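Okay, structure first, notes after.
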Amino acid sequence: MGSVERGPSDPTQPAGGPPPSAPRTAPLIVLSGPSGVGKTTLVDGLIDRQTLPLRRAVTATTRGRRPGEVPGVSYHYWTHDQFRQAIARGEMLEWAEVHGVDFYGTPRAEVDAYRAAGVGVILVIDVQGAGQVRLLYPGDHRSVFVLPPAFDELHRRLEGRGEPEASIRRRLETARGELARADEFDTVLENADLGAATDALEAIIRDDFTRRGF
Ligand code: ADP
Ligand code: 5GP
C-alpha cells in the first residue's frame, strides 16, 4: 500500500489553505502514528534530502532523554513544573498526556513564525495533539497517519530502538487505540519500505506547497 488520500481536513474549507489574495503561508503537516512506526526517521530523512524548505518542530516532553537524543534537537526536555508553567503562560499550541505518564506538547514558537517565513513545519505528535490541531487550523493543515506494515513489526522496531520491555508494552497498548483513529487523518501512509514512504510523504507536502502558491 502507498498513501491513501482522504481529502482536506475540513470539508467546509477549500483544500490547500488560504485564498490566493492572503499572504502565503507554508504548509503545516501533522504526522501521527504509533510510537516506533518510524515517524521521526521518515521526517528526518525527508528533511535531509533538502528538496523542500521544511522543519520538524522541536516539541517538549517531560520524559527522560534516550541514548543518542540531543536536547533542543530531539525534544526540549522539561520538568513537570516547567511544562505546567508553559501551559499557564499560554505558550503551548497543543499538549497531551501520552502513554499515561508523560506530557508532550508543541510550543507556539515552533510553528507560526517559520510558516510565515516560507518554511513548512512538520509536527510529529500523537493522535490527541492531532485532534487539537484539527480544531485550531481547520482547512490549513494536512494530517498524515503512519501505519506499520504489521503490528508485530512495531514490536520489532521498538526493540531495535533499544526500548526497555515495560516501555515497549506501554507503547504497544497505546498503539492499539491510536491505530483505531487512523481514519481521522487526511492521508494514511504505510511505512514498509522507508524510501518509498519518504517519497510518498514528500509528494504530499510538495502538493501542499503548490496549492498554496509556492
Ligand atoms: P517513531 O518516531 O514513530 O517513534 P522511529 O523513527 O524512532 O519511530 O523509528 C523506530 C525504529 O524503527 C528505529 O530504530 C528506525 O530506525 C526503525 N525504522 C523506521 N522506519 C523503518 C522502516 N521503513 N523499516 C525498518 N525499520 C524502520
Ligand atoms: P516518544 O516518547 O516515543 O518520543 O513519543 C511518544 C509519542 O508522543 C509519539 O506518538 C509522539 O509523536 C508523541 N509526541 C511527541 N511530541 C509531541 C507533542 O508535542 N505533542 C503531542 N500531542 N504528542 C507528541
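Start at 1 and go down the list; that is how both ligands and their atoms are numbered. Predicted model, so just to flag it, every value in this text is computed and none were measured.
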**Prompt:** Heavy atom under 4.0 Å from ligand 2: found in Gln132's side chain, backbone, both, or neither?
**Reply:** neither
**Prompt:** What part of Gln128, side chain, backbone, both or neither, has a heavy atom within less than 4.0 angstrom of ligand 2?
**Reply:**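 Gln128 to ligand 2: no contact under 4.0 Å from either part.
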Tell me which protein heavy atom sits closest to [atom], plus the residue, atom name and distance to 0.1 Å.
atom                    : result
atom 20 (N) of ligand 2 : Glu94 OE2, 2.7 Å
atom 16 (N) of ligand 2 : Thr59 OG1, 2.9 Å
atom 13 (C) of ligand 2 : Asp126 N, 3.7 Å
atom 1 (P) of ligand 2  : Arg66 NH2, 3.3 Å
atom 4 (O) of ligand 2  : Tyr75 OH, 2.6 Å

Show me which atoms of ligand 2 lie under 4.0 Å from any heavy atom of [X].
X      : result
Ser35  : 3 (O)
Gly129 : 22 (N)
Lys39  : 10 (O), 12 (O)
Arg161 : 3 (O)
Arg63  : 1 (P), 2 (O), 4 (O)
Ala96  : 22 (N)

Identity of the nearest option to [atom], non-hydrogen atoms only, from [options]:
atom                    : options                : answer
atom 11 (C) of ligand 2 : Leu158, Val127, Val124 : Val124
atom 7 (C) of ligand 2  : Thr174, Val98, Val37   : Val98
atom 19 (O) of ligand 2 : Gly105, Ala130, Ala175 : Gly105

**Distance-minimising heavy-atom pair for Phe209 and Gly118** =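 Heavy atoms only, the tightest pair is CE2-O, 3.9 Å.
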Salt bridge between [X] and [Y], side-chain N to carboxylate O under 4.0 Å?
X      : Y      : value
Arg212 : Asp208 : yes
Glu173 : Arg170 : no
Arg211 : Asp207 : yes
Arg181 : Glu184 : yes
Glu153 : Arg156 : yes
Arg115 : Asp140 : yes

**Asked** So, Trp95 versus Tyr104, ring centres under 6.0 angstrom or not?
**Response** no
Answer with yes or no whether the side chains of [Y] and [X] bring together a donor and an acceptor at under 3.5 Å.
X      : Y      : result
Ser167 : Glu163 : yes
Glu202 : Thr51  : yes
Arg161 : Ser35  : yes

**Item:** N or O pair under 3.5 Å between Tyr104 and ligand 2
**Value:**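 There is such a contact, yes.
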**Prompt:** With the 4.5 Å side-chain cut-off for hydrophobic clustering, are Leu201 and Phe214 part of the same group?
**Reply:**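 Yes.
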**Complete:** Expected contact list for ligand 1 at under 4.0 angstrom, heavy-atom basis, is Pro34, Ser35, Gly36, Val37, Gly38, Lys39, Thr40, Thr41, Arg157, Arg161, Asn191, Ala192, Leu194
**Complete:** Taken to the nearest 0.5 Å, the spacing of Thr59 OG1 from Glu94 CD works out to 8.0 Å
**Prompt:** In terms of ring plane angle, is the pair Tyr75 and Tyr77 parallel, tilted or perpendicular, where the classes change at 30° and 60°?
**Reply:**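 Because their plane-to-plane angle is over 60°, the rings of Tyr75 and Tyr77 count as perpendicular.
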